[in-house]
Amino acid sequence: MDEQARSVLNRVIRRIPNKNIKNLLSKWNCLSADQLLALDYTKPKRMIVEHIIDCCENSSLNLKHITNLEMINHIDNPDQGTWYACQLTDAQDDAVCVELTQFKEQFKAHLHGVIRHISIKMKKHEDDAIWIRIAWGDNFSKPNHLKPTYVVHHLHTSYVFISNLMAKHKIFLCQALVVATRHGSIKDGHLSTRSLTAMRDLLLRRYQQVFPSVQAKIQQERDSPPLHPCIGKEHGDHEEMRHQMACEAFGHGPTPKLETAVYKLETRYRGNGNLTVSDREEFFRGVVRFSSSSLLESLRNCVSSGMAEGPVTPLLSAITRRGRNSFVITDKGPGVSSQASAPRA
């Protein structure tokens, strides 16, 4: 193995708990049964890494095998690093006919055509997701396998999930995705999180949604006087309505585990009390950030418990409705209240 292969292998093994190394190496299927049995996973990580490197060298494994091990680890542990969502737009008529083989060929052909030194590996996961690992180089330097970009895409969906992409490589990756998926363009999805699982659940609607099928009944109950003077029943009705509104906005059952939602404010002062402030032409700017270990669960509990008033403000319900956790709130002009602006490319 060369020095880069050793570095990649060292980084992969050091990030894995000792108890999980055996399972990963078994899935990798590049070491013999005797080599796996000879490993002592109770030893310090440094000694385990050295032993695995010796086994790989004895088996004549190279960088290609090591990067395959890294991909297996990423697929088994998808909630690593920070993921960003992008959305494909302007689908061509034959976009629904794109097959995996066609996607692979066109994606690789485009990137190899614009960058001389680049390494691309693809794997299809059990849930039909295409995992792509890209080690970027340029016309003069070889690919850097220590800082690869990871891309996850489900064919025939409009979403792409990207991790660890440098700005100078973004245009090449976006062009390759547009060509390979038969779309016209790709835009920022304004959704980022450390959990790829949460991102996919939110955008692909893999959580239990509640639709406002009883909205008319709820509105009627709000507008009409109580049928019975019993205070307990009145409180029960209000509790049921709050729970319904919370579930309509954020779903029922386990929610995608988003950790943050960010609102950037660009507004002007409205009022006659302070002419100095009113005459300012530039915006007041600020940032409001909501954070929680499970933000959607926290917001749902706030509404259903009565801590937050219902119905849920569109600024919060837009997280699930529009599949975003980054918003810009702008002032639309005199007499118009501030609201979430259109997505920015």
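Just so it is clear, the model here is predicted, and its values are computed rather than measured.
- Note on ring orientation: taking the six-membered ring where Trp is involved, the planes of His252 and His243 are perpendicular (angle over 60°, cut-offs 30° and 60°).
- Counted by atom type alone, Thr260 and Ser291 present zero donor-acceptor pairs between their side chains at under 3.5 Å.
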Would you please test Asp127 and Arg200 for salt bridge (charged side-chain N to carboxylate O under 4.0 Å, His left out) and show each step? CA-CA 11 Å; Asp127 63 352; Arg200 289 192 293 189; 3.3 Å; yes

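- Around NE2 of His154, the count of heavy atoms belonging to other residues, nucleotides or ligands within 6.0 Å exceeds 12.
- The distance from atom SG of Cys30 to atom CD1 of Ile52, rounded to the nearest 0.5 Å, is 12.5 Å.
- More than 12 heavy-atom neighbours from other residues, nucleotides or ligands sit within 6.0 angstrom of NE2 on His117.
- Counting non-hydrogen atoms of other residues, nucleotides and ligands closer than 6.0 Å to CG of Asp93 gives a total of 12 or fewer.
- Under 3.5 Å, the side chains of Asn301 and Ser298 contain no donor-acceptor pair of N or O atoms.
- A side-chain N or O of Arg14 and one of Asn10 form a donor-acceptor pair less than 3.5 Å apart.
- The distance from the OG atom of Ser304 to the CD atom of Glu240 is 13.0 Å, given to the nearest 0.5 Å.
- Here the closest heavy-atom approach between residue Thr255 and residue Ser294 is recorded as OG1-OG, 3.8 Å.
- Between the CG atom in Leu173 and the CD1 atom in Ile134 there is a gap of 5.0 Å [rounded to 0.5 Å].
- Ile13 has its side chain within reach of Ile21: a pair of non-hydrogen atoms, C-beta onward, lies under 4.5 Å apart.
- Defined by atom type and a distance below 3.5 Å, a donor-acceptor pair is missing between the side-chain atoms of His145 and Arg11.
- Among residue pairs with one or both ends in residues 27-52, those qualifying as salt bridge (charged side-chain N to carboxylate O under 4.0 Å, His left out) are Lys27-Asp76, Arg46-Glu50; sequence neighbours excluded.
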Between Phe161 and Leu203, is the side-chain contact (heavy atoms from CB on, under 4.5 Å) condition met? List the steps. CA-CA 11 Å; Phe161 311 110; Leu203 292 178; 3.6 Å; yes

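- Relative ring orientation between Trp131 and Trp83 is described as perpendicular, the plane-to-plane angle rising above 60° on a 0-90° scale split at 30° and 60°.
- Although no hydrogens or angles enter the test, the distance criterion places a donor-acceptor pair under 3.5 Å between the side chain of Ser32 and the main chain of Gln35.
- Classified by interplanar angle (parallel below 30°, tilted 30° to 60°, perpendicular above 60°), the ring pair Phe172/His169 is tilted.
- Among residues at least two apart or in separate chains, salt bridge (charged side-chain N to carboxylate O under 4.0 Å, His left out) pairs with a member in residues 288-304 are Glu297-Arg300.
- Annotation: side chain of Gln92 is not in contact with side chain of His183 (no heavy-atom distance under 4.5 Å).
- The two residues Asp79 and Leu196 have their closest heavy-atom pair at OD1-N, 3.1 Å.
- Side-chain atoms of Asp54 and Asn58 form no donor-acceptor pair, as typed in the model, at a separation below 3.5 Å.
- With contacts defined as side-chain heavy-atom distances shorter than 4.5 Å, the pair Ile120/His112 qualifies.
- Separation of atoms NZ (Lys257) and CG (Leu295) is listed at 11.5 Å; rounding is to 0.5 Å.
- Judged by distance alone, the side chains of Asn62 and His65 do bring a donor and an acceptor atom under 3.5 Å apart.
- Minimum interatomic distance between Pro314 and Arg321 (heavy atoms only, all atoms of both residues): O-NH2, 3.9 Å.
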Please assess Ile72 against Trp28 for the test side-chain contact (heavy atoms from CB on, under 4.5 Å), listing each intermediate value before the final yes or no. CA-CA 7 Å; Ile72 294 173; Trp28 188 32; 4.1 Å; yes

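- Judged by distance alone, the side chain of Asn164 and the main-chain N or O of Thr149 form no donor-acceptor pair under 3.5 Å.
- The main-chain N or O of Val96 is found under 3.5 Å from a side-chain atom of His156 such that the two form a donor-acceptor pair.
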So Tyr84 and Leu191, side-chain contact (heavy atoms from CB on, under 4.5 Å) or not? Walk me through it. CA-CA 6 Å; Tyr84 298 87; Leu191 177 64; over 6 Å; no

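- Counting only residues at least two apart or in different chains, salt bridge (charged side-chain N to carboxylate O under 4.0 Å, His left out) contacts with residues 105-124 comprise Lys124-Asp128.
- Summarising the local packing, CD1 of Ile171 is surrounded by 12 or fewer heavy atoms from other residues, nucleotides or ligands at distances under 6.0 Å.
- The main-chain N or O of Glu99 is found under 3.5 Å from a side-chain atom of Gln102 such that the two form a donor-acceptor pair.
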Ile132 vs Val152, side-chain contact (heavy atoms from CB on, under 4.5 Å): CA-CA, chis, key distance, verdict: CA-CA 6 Å; Ile132 307 171; Val152 179; over 6 Å; no

